[in-house]
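Accompanying notes for the structure given below.
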Amino acid sequence: MKMTTEEAFVKTLQRNGIEDVFGIIGSAFMPISDYFPKAGIKFWDVAHECNGGYMADGYTRSSGKMAMIIAQNGPGITNFVTCVKTAYWNHTPMLLVTPQAANKTIGQGGFQEVEQMALFKDMVAYQEEVRDASRIAEVLNRVITKARRMSAPAQINIPRDIWTQIVDIELPEIVEFEPSTGGARAIAAAAKLLSEARFPVILNGAGVVLAGAIPDAVALAERLDAPAACNYQHNDAFPGSHPLAVGPLGYNGSKAAMKLIAQADVVLALGTRLNPFSTLPGYGMDYWPKSAKLIQVDINADRIGLTKRVDIGIVGDAGAVARSILAQLGAAAGDIGRKERKDLIAQTKSAWAQELTSLDHEEDDPGTDWNARARTARPDWLSPRKAWRAITAALPKEAIISSDIGNNCAIGNAYPSFEAGRKYLAPGLFGPCGYGFPSIIGAKIANPDTPVVGFAGDGAFGISMNEMVAIGRDEWPPITMVIFRNYQWGAEKRNTTLWYADNFVGTELDSKVSYAKIADACGLKGVQVATMDALTEALSAALKDQKAGLTTFIEAVLNQELGEPFRRDAMKAPVCVAGIDAADMRPQKRA
């Protein structure tokens, strides 16, 4: 069939169900964007390309539907680097379309030219450039298929002189892949190990959510009466109200999860690459059970055994593997110490819940007193933990939430729990600031009838706040955003109090800025609160307003207490050897 290259491109998008595109309009792809309205494709024109990528990440992680991101070649495309790498480590399938400078001028150092394939080599799971106009649909279809199969971003690079050509083309068929159930011998060995376990523990990762495998994880946990923990930033990988749910591991996670997994003789790591940050010591506990047998299940063979010594590795889909293991468990699986284990789970969870409810403030390390000073300086302002308790009181169970990187958001890691998957969005292990706001916008676009709430510290929010000028337009859906306002870069400030003797360099934010007033100026609703009751009431009202079509930004003013540092494992106090003196500075000559 004869068609133009842009018609072939758009028809291939339609065949793959790509309905939503995020980016900023540019001449390099206007031949295809011109067709978007006719094709039933919505172009969400953002304020910054990186935020568009975060929106696409939130869109896909909350819905399972893949989105596309695109921008002008050169500087528009370079703005996608951080969000694409974030999506890569979040295991988010994403179509990255990178229009390129024209073939006839590339290499001459022309306008808006950069090596776009080299740029994303370490950011995507697959990339391919269109070499001939007649292959545009074939290449696009393959890139989309690779993104889905590898659950990661994939890139198609398109020199801009590929467009507006008439080609004779056959549109490719969609290829579906059946999820792998894992190797038969590995499944049998895992089932035997779990059947004989005294204290099995299941650690659920992102793969459980992505595979829709939560019911399978629940069935396996119930059969064994095994405590079920979640990986860091994947609190939605197991129903929080379930008696066997013990909460998340990792930074500011659940003490119950840490204490219980420490007793494991067999750990089933289901759908997780076991990234190092998720198993770092917490609350002074080095809880990872070093003598336990480890069964690791991951869709990507390269991740198995990468961070922990593995006894049994299973390459496969988390749900299919869990069902296969369950079917082969011995008749007496889980019987050893079953009652004692169930009692211990209940007791440990209860003790942690009581402790968490009573935690009002952050402790100081010996020899430091920043948190004590912060409480004294602002006794009427909210502490981070009181803020999270106030938020939890107002959050509906069905809500989707996003959390940014940063100290106040991280303190909240132990608080929210979920009854279903695809409810908790976090920046993941690439750890970019500025994720919380745009990702919740993407989640709302994909789930217009579900309440959504985003969270960010004031430093991180400042990186993506330019989207406030985009989302007030009529076609954009309403959201609710909570900004923790403590006028500082908290994580770095805690590092400074611990290792650099309160020598605060670059940690202070402008106290004259009001995000609530900026929201009002953008035609949105801004609210500032400083007490628990006011925060609960403001969030409840904002969720009602969201249902009525109104976006609200809640600026929660917090005292400057600081939680645990992110990297106790990687920091130490400096040692003065040669010494530094301002008198050694040599002024530069002015031109």
Side-chain angles (χ1 to χ4, degrees), residues 16-18 20 22 53-69 80 83-97 120-128 140-156 174-182 203-214 216-217 230-234 236-237 269-275 278 296-304 306-307 313-323 420-430 435 439 442-443 446:
N16 281 277
I18 306 294
D20 291 276
F22 298 87
Y54 294 145
M55 290 181 200
D57 187 75
Y59 173 100
T60 297
R61 290 175 67 189
S62 65
S63 69
K65 300 192 302 179
M66 191 162 72
M68 168 178 148
I69 61 173
F80 279 140
C83 61
V84 169
K85 188 64 174 182
T86 300
Y88 179 85
W89 285 121
N90 282 340
H91 319 291
T92 303
M94 180 184 290
L95 175 59
L96 168 63
V97 180
F120 290 98
K121 182 180 178 182
D122 186 46
M123 312 285 171
V124 298
Y126 181 80
Q127 58 181 180
E128 189 170 348
L140 175 60
N141 193 67
R142 181 163 47 254
V143 168
I144 293 171
T145 300
K146 292 277 191 180
R148 284 190 171 127
R149 184 167 65 84
M150 304 170 85
S151 197
Q155 175 192 10
I156 179 171
I174 308 302
V175 179
E176 300 286 349
F177 290 88
E178 185 176 357
S180 170
T181 58
L203 176 57
N204 300 282
V208 175
V209 176
L210 296 174
I214 293 175
D216 304 303
C230 296
N231 239 358
Y232 177 63
Q233 295 190 338
H234 297 298
D236 57 347
L270 187 60
T272 171
R273 58 191 172 90
L274 288 174
N275 66 76
S278 288
Q296 186 179 2
V297 181
D298 198 287
I299 200 73
N300 185 346
D302 294 339
R303 302 294 174 199
I304 294 178
L306 189 63
T307 61
I314 304 175
V315 181
D317 172 88
V321 169
R323 291 190 295 272
R422 299 192 181 277
K423 294 291 188 180
Y424 185 40
L425 308 174
L429 268 295
F430 195 53
Y435 177 87
S439 64

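Note: hydrogens, waters and symmetry copies are ignored here, and every other heavy atom, side chains too, is used.
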Look up atom CG in D20 and atom CE in M55, then write down how far apart they are to the nearest 0.5 Å. 12.0 Å
Side-chain ([X]) to main-chain ([Y]) donor-acceptor, under 3.5 angstrom:
{"X": "N16", "Y": "I18", "value": "no"}
{"X": "D236", "Y": "R422", "value": "yes"}
{"X": "Q233", "Y": "G428", "value": "yes"}
{"X": "D317", "Y": "A320", "value": "yes"}
{"X": "K146", "Y": "Q155", "value": "no"}

Any idea which heavy atoms bring [X] and [Y] closest together, and the distance?
{"X": "S62", "Y": "A446", "value": "OG-CB, 4.0 Å"}
{"X": "G58", "Y": "L425", "value": "CA-CD1, 3.8 Å"}
{"X": "R61", "Y": "A426", "value": "NH1-O, 2.7 Å"}
{"X": "D57", "Y": "N90", "value": "OD2-ND2, 3.3 Å"}
{"X": "D216", "Y": "A322", "value": "CB-CB, 3.9 Å"}
{"X": "Q296", "Y": "L274", "value": "CD-CD1, 3.9 Å"}

Are R273 and D298 close enough for a salt bridge, meaning some N to O gap below 4.0 Å? no
